[in-house]
Amino acid sequence: MKASVYYSKNEIRFEEVPLPEIEGGDILLKMKSCGLCGTDIHKAQHQTVTGPVVLGHEVAAEVVKVGNRVTKFRPGDRVVTAIHVPCYSCHYCDRGHFTLCEQFKPTNIEPGGFAEYIRLPELHVKHLTHKIPEGVSWEKAAMVEPIGCCLHGLKQAVITPGCSVLVMGSGTIGLLSAQLAAMMGASNVIVSDLSPFKLDLALRLGINHAINPSSENLEARISDITEGLGVDVVVIAAGVSALLPQAIDMLRRGGRVVVFSPFDHNNMVTIDAGRFFRDEISVIGTYSLSSYEMPEAVEIIRTNRINVDDMITHTYPLSLLGEAIEFASDPHNDVLKVIMKMDE
Ligand SMILES: [Zn+2]
Ligand SMILES: [Zn+2]
């Protein structure tokens, strides 16, 4: 079979790789669509992984073969899945911190979503895999995993009806989070970004306010919109650590910042630490998703609770992953979500 294999920056080869073999509890999937995630782009461009490796984890695929112990799925089923499975019994899992489980990151799909076929190990089959509802396209189904990740973060932000939410960064994660916050009852959802294209798209998706900090004073606009109170929740969905002190400054008393971004460059920042005691603010970190968010994300897609279709701006064939990454990472391009399509 063929896969788009990452070797190093600017070197992704579309080449022949071994077809994975399955065991009793596994299933073999024929990939149909795989979303290009910000973390795939980040890994490829900042070389945070060592090649050769097949990236991709926003999987929508068809079951082609099942192990003899698999009863939940059969060939022909259309499914979505995610990549990491916790153990459900360690110190972290017992406390609900599934993404921090020691087993989480070492569990993986084989070889990765940017391939013609993938093996889903037994644990993935058991805990993370769900049928795609009828009528949902492959491209749209590939958005289930990122929706799950956003739900994971927003749950901790406690979005209550009528609250105000600012999302800094209007990429896929930002615009999904903004729409999900509105779905959860936030009545004032604001996004910020430097890209006029993304801000326009945000307004088309029904977001209440879209602010470009390069031409407007973000703090002043937030103060205006919230009548001087500050926002209840800020979600940081852009990889710039300097956004953290700014986010804290725009919070209302008792407000919460959710950080959903790796911040692995220049990550030291100075914040007004007095606000924790004085104003009871919180800063919450979030990463990935747990298996519990997957069925919720499937249901959101099935019932069209948010507009995902208009977020998918480009599709690329699997063989052009390198081009897709280059295109998606250039801030001058009018692009939001890129989905890799496997040839029929
Ligand atoms: Zn992702
Ligand atoms: Zn665990």
Side-chain angles (χ1 to χ4, degrees), residues 4 6 31 33-46 48-49 53-61 80-109 112-115 118 121-124 126-129 139-154 169-177 180 235-239 258-264 285-294 296-298 300-301 308 311-312 314 316 321 324-325 328-329 335-340:
S4 271
Y6 165 82
M31 285 298 300
S33 284
C34 189
L36 179 58
C37 175
T39 61
D40 295 321
I41 297 172
H42 183 82
K43 283 172 188 163
Q45 300 226 314
H46 294 96
T48 58
V49 288
V53 62
V54 179
L55 300 170
H57 56 266
E58 299 175 355
V59 168
V80 286
T81 191
I83 44 167
H84 301 311
V85 197
C87 76
Y88 302 98
S89 62
C90 69
H91 176 90
Y92 293 112
C93 287
D94 279 350
R95 286 154 183 81
H97 284 266
F98 302 103
T99 52
L100 303 181
C101 173
E102 295 276 342
Q103 184 192 285
F104 195 69
K105 281 192 184 176
T107 49
N108 265 305
I109 56 177
F114 298 135
I118 60 171
E122 183 164 11
L123 287 175
H124 291 70
K126 195 169 165 196
H127 296 292
L128 285 179
T129 308
E139 291 93 321
K140 202 164 162 177
M143 296 290 275
V144 164
E145 196 269 357
I147 291 172
C149 292
C150 294
L151 287 173
H152 186 73
L154 287 175
S170 302
T172 301
I173 293 299
L175 293 187
L176 284 176
S177 297
L180 289 167
V235 177
I236 302 181
V258 177
V259 178
F260 190 1
S261 189
F263 287 169
D264 37 6
T286 185
Y287 152 75
S288 196
L289 80 171
S290 83
S291 50
Y292 299 107
E293 281 95 31
M294 283 297 284
E296 297 172 12
V298 170
I300 287 167
I301 282 278
V308 168
M311 290 181 63
I312 301 171
H314 295 79
Y316 273 81
L321 179 63
I325 289 176
S329 61
V335 51
L336 191 74
K337 187 65 177 178
V338 174
I339 306 273
M340 304 306 294

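We count ligands from 1, going down the list as the structure has it; atoms in each ligand are counted the same way. Only heavy atoms go into these numbers, but all of them, side chains included; no hydrogens, no water, no symmetry mates.
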Practice item. Would you please classify the geometry between the Tyr88 ring and the Phe98 ring as parallel, tilted or perpendicular, with 30° and 60° separating the classes? Key: tilted
Check your understanding: Rounded to the nearest 0.5 Å, how far apart are OG1 of Thr81 and NE2 of His124?
Key -> 6.0 Å
Point to revise | Any donor-acceptor pair under 3.5 Å from Lys337 side chain to Leu36 backbone | key: yes
Point to revise | Sub-4.5 Å side-chain heavy-atom contact between Cys150 and Ile173 | key: yes
Practice item. Report yes if the side chains of Glu58 and Pro146 come closer than 4.5 Å at any heavy-atom pair, otherwise no. Key: yes
Study note, to complete from the structure: Taking the Zn ion (ligand 2) as the apex, Cys101 SG and Cys87 SG span an angle, rounded to 10°, of 100°
Check your understanding: Is atom CD of Gln45 surrounded by more than 12 heavy atoms (other residues, nucleotides or ligands) closer than 6.0 Å?
Key -> yes
**Study point:** the Zn ion (ligand 1) neighbourhood, protein N/O/S only, threshold under 2.8 Å
**Key:** Cys37 SG, His57 NE2
Review point. What's the shortest heavy-atom distance between Ile301 and Lys140, and which atoms?
Key: CD1-O, 3.6 Å
Review point. How about His91: does one of its N, O or S atoms come closer than 2.8 Å to the Zn ion (ligand 2)?
Key: no
Practice item. Taking the Zn ion (ligand 2) as the vertex, measure the angle between atom SG in Cys93 and atom SG in Cys90; round to 10°. Key: 110°
